[in-house]
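Below: the structure, in structure tokens.
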Amino acid sequence: MVDSQYFLPTDVGISALDCGEAFRLLLPREQMYAHYLSRAAWYGGLAVLLQTSPESANIFVLLQKIFRKQTPAQLEQVAVAAGLSTEEYQAFLVYAAGLYANMGNYKSFGDTKFIPNLPKDKLKALVSASQAFQEQPGEMEALMDSCSCALYSLDNKQKQLGLGDKGITTYFSGNCGLEDAELAQKFLDSQNLSAYNTRLFKMNNGDKSSYEVRLASAVQKDCAVDGEGDLHCGTFNFEDKEFLVKRGDYAPLMEKVSYHLQQAQAHAANENQKQMLEAYRRSFTYGSINAHKEGSRYWIKDKGPIVESYIGFIESYRDPFGSRGEFEGFVAVVNKAMSERFAKLVSSAEVLLPELPWPQDFEKDSFLKPDFTSLDVLTFAGSGIPAGINIPNYDDIRQSEGFKNVSLGNVLAVAYATQKDKLTFLEEEDKDVYIKWKGPSFEVQVGLHELLGHGSGKLFVQDDAGKFNFDQSKVINPETGEQVSSWYRGSETWDSKFSTIASSYEECRAECVGLYLCLNKKALSIFGHEGQDAEEVLYINWLNMVRAGLLGLEFYTTESKSWRQAHMQARFVILRVLLEAGEGLVSLEEVTGQDGRPDARITLDRSKIHTVGKNAIHRFLCKLQVCKSTADVEGGRALYESYSTVSDTGAHNFLRLRETVLLRKEARKMFVQANTRVKGDSVELLEYEGSAAGLIQSFTERFQDDAEELETQLLALSKRDAPCWCC
Ligand code: ZN
């Protein structure tokens, strides 16, 4: 029996990443720009196959060849005739979808290998029966032979990524160990050469070994190129070893990246974007990280663009030595309709803020809009999609020029379950309402949380000169009925005073503001929700919050009695507050699931939200704000920690519920992304269904224009590397 952690579950959640509204509202020029950047990202993203495992590129090509000839639906009939059960065929589709979504056969989160959940002979039977095989049996047989062994292998070394005998890596040739990685790093440092876009290959020539440092670039010439003289290509002796630094890793892919960046330049919104793309283009053409840094500097200056992007060898998590970057490229766009609703919310701040539960004195003298950008992802090429980005990673640039912090709205929106059978812990009748209203209610909560939540409330401060920013003799603490007796002094700040609980406490305050203000008709009408629809939106927002509070237990560590995620802790705290409110507002029961294993049910009485629920949040939010405003760390900490405690005593056994949450936890979702295609002088958006078949179809159509050429190039790149992993 193979451990199930090495399969992707057949019922894994697969969701379409919806970017339709945002994309259609772009101007034609912006759509063109987004299109060419997307093409650059997708081609570059294929390098991840070569960065993951020796067999990934061949598996990718095998799948592309099969699905270019037959859609998943057509292939199913072939599969049945070849003796596969429906479950086995579904397992094959999920495997293919997983390989595409992770750009290789190792999970991008966790770095463990996954293999197809069907017998090898069944997979071979399916491949042999496919039309692609019928048309080119010799080629397909050779392709299958080149990867079928590694595809199923779960030797100890194969089970995870790692260096030397710890695992598989293609950032280093198979004969490299930690000492080689360390020596190479010293060499690179001595040459002032960044490791980000490199790989290391150790060559054994008789009794003397030498190293090859390969730079990712379109040009293969090893001499210095005009203007890129900072690149130290050539042969070097370092600590008695020979190092050859050469260009041309992933050359055909880098060439396509460069070409499409150049196409995008013609549609840039301004000179700065043009310069940025020019610098990136140089970086991928010549393998220069300095050029990439230059591009990143322009990128930081490209403030609040309608079409946002970043591309290159960025995150170094998957290099076992931690210094080589994995390729990623993304294109995300402002959702103009949503931005307009958020802008309306900001302009209504004066009307909405006085509705909050604290006295006027506890509110800022004038509202300052927090710095918040939410973008919808059109394209995210690489091994996985994060919910937010905080780049660049170059420390020197972060310190001198800064960075960008962006929340990816449509990724966050589907991070919560959207398929009915994945909606744990809810009543059947709630599930349909939840699915229908989850999107709109999420947008309302995000807007209220980010803008009026984080943007509200005043801190009482006495500056170094002794001057107060409030009238100490008049302001009354609503909790005690007495004058305010504590405040921030001099350089004290919220974070410095509340330290360890500051971030979760603040998230909790912002979440509560969202819950509280979504009960306000005016706030909901800004988002276009009136009458019964408005009631549904606020009901689902509240229901989602109590469910999220329960799900949050996944992020609690019992051994250290600590929380690992600020937002999830905040939601658990809110669940506790609403349970404490009583009167049947929220009910949380432990039950036995249909599978006979522990389960839970959470319900919310919608008739009590406006009364019991609103009062509870009113009281709690007021306390949170008063402790925050008055720098009352002791009171704030006692309050927050009492609700954060996870114990097995009291009305609910939260430790046991946590086990249930872990048991029922959904496997990491996969995303189906759209394609863009130029048609005449406009750009078409091609969208696919959220399923394994949809994900597969999106990849075959993504590369259909130059499929044969690309597949040949990928196989050649993989073959060039192949001898380096033989033992
Ligand atoms: Zn927040």
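Read the numbers this way: they start at 1 and go in the same order the structure lists the ligands and their atoms.
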(Q) Can you tell me how the ring of His454 sits relative to the ring of His449, calling it parallel under 30°, perpendicular over 60° and tilted otherwise? (A)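 His454 vs His449 ring planes: perpendicular.
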Q) Within less than 2.8 Å of the Zn ion (ligand 1), how many protein N/O/S atoms are there? A)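 Number of qualifying protein atoms: 3.
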Q) Between the side chains of Arg398 and Asn390, does any donor sit under 3.5 Å from an acceptor? A)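 Arg398 vs Asn390: donor-acceptor pair found between side chains.
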Q.
Between Glu427 and Thr603, is there a side-chain donor-acceptor contact under 3.5 Å, judged purely by atom types and distance?
A.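 Distance-only check fails for Thr603 and Glu427.
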**Q.** ring pair (Phe, Tyr, Trp, His ring centres under 6.0 Å) pairs, two or more places apart, involving residues 508-543
**A.**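 Qualifying pairs, neighbours excluded: Tyr516-His618.
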**Q.** Sidechain N-carboxylate O distance under 4.0 Å for Arg318, Asp111
**A.**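 Result for this pair is yes, salt bridge flagged.
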Q. So does Lys404 pair up with Glu308, basic N to acidic O under 4.0 Å?
A.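 Salt bridge between Lys404 and Glu308, a charged N being under 4.0 Å from a carboxylate O: yes.
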